[in-house]
Amino acid sequence: MARYDPKSAEPRQQARWAEARAFVTPDHDTGRPKYYVLEMFPYPSGNIHMGHARNYVMGDVVARLKRAQGFDVLHPMGWDAFGMPAENAAMERGVHPGDWTWSNIATMRDQLKLLGLSLDWSREFATCDPTYYGKQQAWFLELFSRGLVYRKDGVVNWDPVDNTVLANEQVIDGRGWRSGAVVEKRKLNQWFLRITDYADDLIEGLGELERWPDKVRLMQENWIGRSKGLKMTWRWIGDAPAEAPEGLEVYTTRPDTLFGASFMGIAPDHPIAKALAEANPEVAAFVAECRKGGSSQADIEQAEKIGWNTGLRVRHPFDGREVSVWIANFILSEYGTGAIFGCPAHDQRDLEFAEKYGLPVIPVVRPEGAGDDFVVSGEAYVGPGRLFHSDFLDGLEIEAAKAEAIRRIEGMGQGQGATIYRLRDWGVSRQRYWGCPIPIIHCQACGVVPAPADQLPVELPQDVTFDVPGNPLERHPTWKHVACPSCGGEATRETDTLDTFVDSSWYFARFADPKAAEPINAAAAARWLPVDQYIGGVEHAVLHLLYARFISRALSDAGLMNVREPFAGLFTQGMVVHETYKTTDGKWVEPADVDLITEGGQRRAVRLSTGEALTIGDIEKMSKSKKNVVAPQDIIDAYGVDAGRLFVLSDSPPERDVQWTTGGVEGASRFVQRVWAEFDGFDADAPADAAQAESLVRETHKAIKAVTDGVQGFRFNAAIAKLYAFLAVVKAHDRAGGAARGEALSALARLIAPFTPHLAEEGWARLDHTGLILDAPWPEYDPKLAADDAVTLPIQIGGKRRSELVMPRGADPAEVEAAALADQAVQAFLSANGLSVKKVIVVPDRIVNLVAA
RNA sequence: GCGAGCGUGGCGAAACUGGUAGACGCAAGGGACUUAAAAUCCCUCGACCUCGGUCAUGCGGGUUCGAUCCCCGCCGCUCGCACCA
């Protein structure tokens with residue numbers, strides 16, 4: 001009996017699949033139901049790492065299961081190939097971004113193929129290919145013609161390291177999501193996509209996404225940040241500032257507290273504040289003071305509220321009081337109208353401000369039971385209650401008071417109920433070379449002119465230089481100079497390129513027919529979309545996943561697509577993490593150079609190359625900087641890809657991080673060997689022991705049920721545990737005979753196939769099945785065959801297990817009760833403790849509980 | 001601060017709708033085979049003790065015949081958002 005040799009088996013089976021073109025998805029409708037499995041496509045950084053491997057193996061398990069269950073499965077792969085790292089490589093090494101990217105793709109494609117994934121490589125594309133981004137330009141212009149693309153001067157997030165603009169979604173804790181540099185504010189003329197037009201629709205759509213994690217839906221909802229309130233104007237007392245002749249417009253979600261207003265606040269960069277600053281150096285100095293202080297967590301918590309009394313005054317719309325207008329550092333110009341009315345009694349920030357500047361604090365909502373003497377200090381009252389000190393609102397509950405206040409203000413013509421959003425339009429201009437050129441031409445005479453359809457794709461020039469900072473397209477000698485398509489005069493191309501998140505916001509639709517002349521082949525998209533199961537990291541919860549939902553809506557409204565929700569099911573997988581090791585002088589050491597020793601319950605680490613003792617550090621995401629990386633290639637060389645595939649899924653639930661350990665993958669490898677030993681030792685003519693045969697059939701069907709449920713429910717770790725247990729059962733039934741064992745092994749081969757496809761094929765062939773296990777149907781569960789004749793019922797007394805009872809399945813509860821009461825151990829326990837049975841609970845085929853006293 | 005999630009052996013974790021807590025794997029210990037080691041196979045493995053029990057799913061309460069699971073209040077960790085009016 002030979003050991004299983006993955007080194008020969010895995011290439012052999014991969015060659016069989018390739019020869020059969022097994023994963024090429026048919027373009028025509030076969031009458032079978034469709035299933036579209038997609039993993040977030042990779043950025044071609046250079047190498048496939050363990051995180052990629054786990055992600056793609058998960059998708060592969062789903063793809064292989066669905067295929068066996070009779071679906072036509074679309075499972076494509078491509079490359080999110082534009083982006084900064086290619087330009088960094090160009091700057092550091094003088095290599096062209098395109099050459100660097102395509103060479104990485106070639107490497108990673110080969111690495112990916114070693115994983116034995118059931119991918120349809122015939123549909124592969126890279127977003128940096130003009131045949132892809134040209135189509136993107138086509139739909140971009142369609143959205144432009146529909147008014148969803150526009151240009152405006154705006155304050156943007158500027159990443160000083162990457163020298164480019166970032167979308168709000170790409171700024172994390174005040175830093176660039178890629179570079180980690182502190183983001184600056186800059187004023188630039190930028191292209192925007194009107195995602196805010198879809199704010200409501202994007203929120204409504206979340207409700208239907210039942211197969212999305214609640215967490216992601218909630219994150220998107222919070223990101224869009226819809227709030228309902230009142231936009232109203234406060235009329236000036238005295239001369240009106242030129243910037244706001246009608247009055248000061250504010251937004252509030254608490255119109256019920258209007259009678260508690262004690263000051264007005266405007267943002268330091270509100271137009272009125274700006275005008276005042278220009279006229280008065282003292283105001284300018286104050287405004288500059290406000291800009292200090294970062295946006296990190298600590299900065300905000302420590303930042304003191306500061307204000308400047310402008311001397312401007314407005315009149316309260318209800319009681320006619322005079323209210324002074326302050327510039328305040330805690331008011332955001334980008335949210336609402338950039339101005340508020342301050343109600344210190346019921347807003348913590350307003351309270352801190354009012355207490356600092358000695359402004360009145362007027363409570364207007366009091367909790368149940370509080371009297372007219374209810375006062376607020378130190379902590380604003382934000383709980384429920386009824387209105388008081390509020391004239392016509394007195395006695396109303398908060399919601400009713402809000403409605404009444406809005407009705408009155410509307411009646412006075414000083415405002416109306418309004419819904420506002422935190423979501424901003426998506427700034428897509430990037431001052432970079434390695435991206436999709438924005439297909440726009442600027443003409444002195446005609447203004448902004450779209451590139452004509454017959455000039456698409458607007459291709460990137462090849463001859464560019466990276467020896468100086470800035471945008472190579474901008475300084476290219478000829479590229480941007482073109483004739484205006486409209487008047488024929490001298491004109492220049494837009495030199496900004498699109499945010500790479502635009503590239504990934506529609507690629508899933510392109511996979512339906514990647515060679516189509518139009519951006520999206522309507523018939524193919526109708527067949528395949530939406531993606532039935534999408535798998536990727538949770539880090540894209542409000543980036544890629546929100547953009548893709550928006551673009552799908554926009555393209556659908558433009559008639560280019562037919563699915564508004566692109567991803568019917570979403571799964572966010574955890575990372576691969578690994579222990580870290582450090583020398584005493586603080587240098588990281590890679591796991592391959594570490595020996596782990598357990599002595600007297602203590603684990604310690606020793607460096608293999610030098611023998612020195614190492615410190616065992618935290619378990620962290622695999623990263624080059626911490627050197628805690630294990631390359632998929634090395635695992636494949638040492639254990640075979642099936643063992644690696646099995647281990648990344650076996651040790652933790654897929655949504656959680658999995659800790660890579662050598663011991664763990666060795667265990668998986670042992671399992672592979674043991675499974676092979678069972679296949680290899682199979683004798684179809686072995687005589688059968690009837691009882692064992694019957695028992696094995698039962699166990700086989702139980703395993704089919706458990707594994708199928710586990711895989712379908714994304715509980716891969718539990719499914720694999722059942723497979724381990726089933727193998728032990730098969731081994732134990734060594735006298736079950738050729739027929740029963742043949743069936744059990746056939747089921748085992750098919751059940752492990754999604755996880756260890758190469759081993760499964762080898763076993764399938766050894767069991768004398770013809771053809772590929774890929775084409776074999778998923779084993780069918782028969783509940784009748786899985787049912788035990790007898791069940792073991794625990795007997796509890798007062799909720800604690802005291803004995804057990806073996807009864808026929810479906811036994812009459814009265815009989816079970818009688819048998820439980822007659823049980824010797826039960827009788828002994830009762831008499832020893834002087835108890836008698838007061839009540840008997842029988843849960844059929846599960847448990848018996850005796851209530852005794 | 002707001003929102004969400006999670007706390008189970010030495011470790012990763014199971015337990016599908018409230019019904020025998022700890023499946024499966026790792027580590028550890030013992031044994032078989034071997035001149036020896038590796039590999040492989042078998043056994044043990046939550047804690048405590050009088051070996052029959054007692055206590056155990058972060059802590060304290062509650063509901064229930066019965067709670068890892070449901071409810072209330074704490075504590076801890078992780079993630080997301082954050083001066084959003």
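Owing to the predicted nature of the structure, the values given are computational and were not obtained by experimental measurement. So that the names make sense, note that chain A is the first sequence line, chain B the second, and so on, each numbered from 1.
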Look at [X] and [N] and indicate whether a side-chain polar atom (N or O) is within less than 4.0 Å of OP1 or OP2.
| X | N | answer |
| --- | --- | --- |
| Asn717(A) | A14(B) | yes |
| Arg670(A) | C26(B) | yes |
| Arg656(A) | A13(B) | yes |
| Tyr724(A) | G25(B) | no |

Taking the minimum atom-to-atom distance to the side chain of [X], which one of [options] wins?
| X | options | result |
| --- | --- | --- |
| Ile331(A) | U20(B), A85(B), C24(B) | A85(B) |
| Arg3(A) | A39(B), G19(B), C81(B) | A39(B) |
| Gln796(A) | G19(B), G25(B), A85(B) | G19(B) |
| Phe330(A) | G66(B), G12(B), C83(B) | C83(B) |
| Arg349(A) | C79(B), G3(B), C83(B) | C83(B) |
| Ile841(A) | A15(B), G19(B), A85(B) | G19(B) |
| Lys731(A) | C81(B), A14(B), C42(B) | C42(B) |

Carboxylate-amine/guanidinium proximity below 4.0 Å for Lys702(A) and Asp788(A) =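 Answer for the salt bridge query: yes.
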key: Short N-O contact, Glu655(A) and Lys215(A), less than 4.0 angstrom   =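 Lys215(A) and Glu655(A): not salt-bridged.
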ask   = Between Asn849(A) (CG) and A67(B) (C1'), how many Å, whole number?
value = 13 Å
task = Would you mind reading off the distance between Trp223(A) atom CH2 and C81(B) atom C1', rounded to a whole angstrom?
result = 8 Å
query = Got a donor-acceptor contact below 3.5 angstrom from the Asn628(A) side chain to the Tyr581(A) backbone?
reply = no
What interatomic distance, in whole Å, is found between [atom1] of [M] and the corresponding atom of [N]?
| N | M | atom1 | answer |
| --- | --- | --- | --- |
| A13(B) | A21(B) | C1' | 13 Å |
| A15(B) | U68(B) | P | 15 Å |
| G29(B) | G10(B) | C1' | 13 Å |

query = Hey, is NZ on Lys402(A) packed in by over 12 heavy atoms from elsewhere, all under 6.0 Å?
reply = yes
ask   = Would one find more than 12 heavy atoms of other residues, nucleotides or ligands at under 6.0 Å from atom NZ of Lys356(A)?
value = yes
For RNA chain B, the residues among residues 261-269 of chain A that have a non-hydrogen atom under 4.0 Å from it = none
task = Using the six-membered ring of Phe353(A), assess whether NZ or CZ of Lys305(A) lies under 6.0 Å from its centre and within 45 degrees of the ring axis.
result = no
request  = Convert the base pairs of RNA chain B into dot-bracket notation, remembering that pairs crossing earlier ones are written with [ ] and that bases paired across to another strand are shown as |; include only Watson-Crick or G-U pairs under 3.5 Å.
outcome  = (((((((..(((......[....))).(((((.......))))).((((..))))..(((((..]....))))))))))))....
query = Roughly how far apart are Met575(A) CE and Met622(A) CE, rounded to 0.5 Å?
reply =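 Between Met575(A) CE and Met622(A) CE, I get 11.0 Å after rounding to 0.5 Å.
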request  = Mind checking the CD1-CH2 spacing from Ile266(A) to Trp326(A)? Nearest 0.5 Å is all I need.
outcome  =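 Those atoms lie 12.5 Å apart.
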task = Could you tell me whether the side chain of Ile340(A) reaches within less than 4.5 Å of the side chain of Tyr335(A), counting heavy atoms only?
result =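 A side-chain contact under 4.5 Å is absent here.
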task = Decide yes or no for Val287(A) and Trp308(A): does some side-chain heavy atom of the first lie under 4.5 Å from some side-chain heavy atom of the second?
result = no
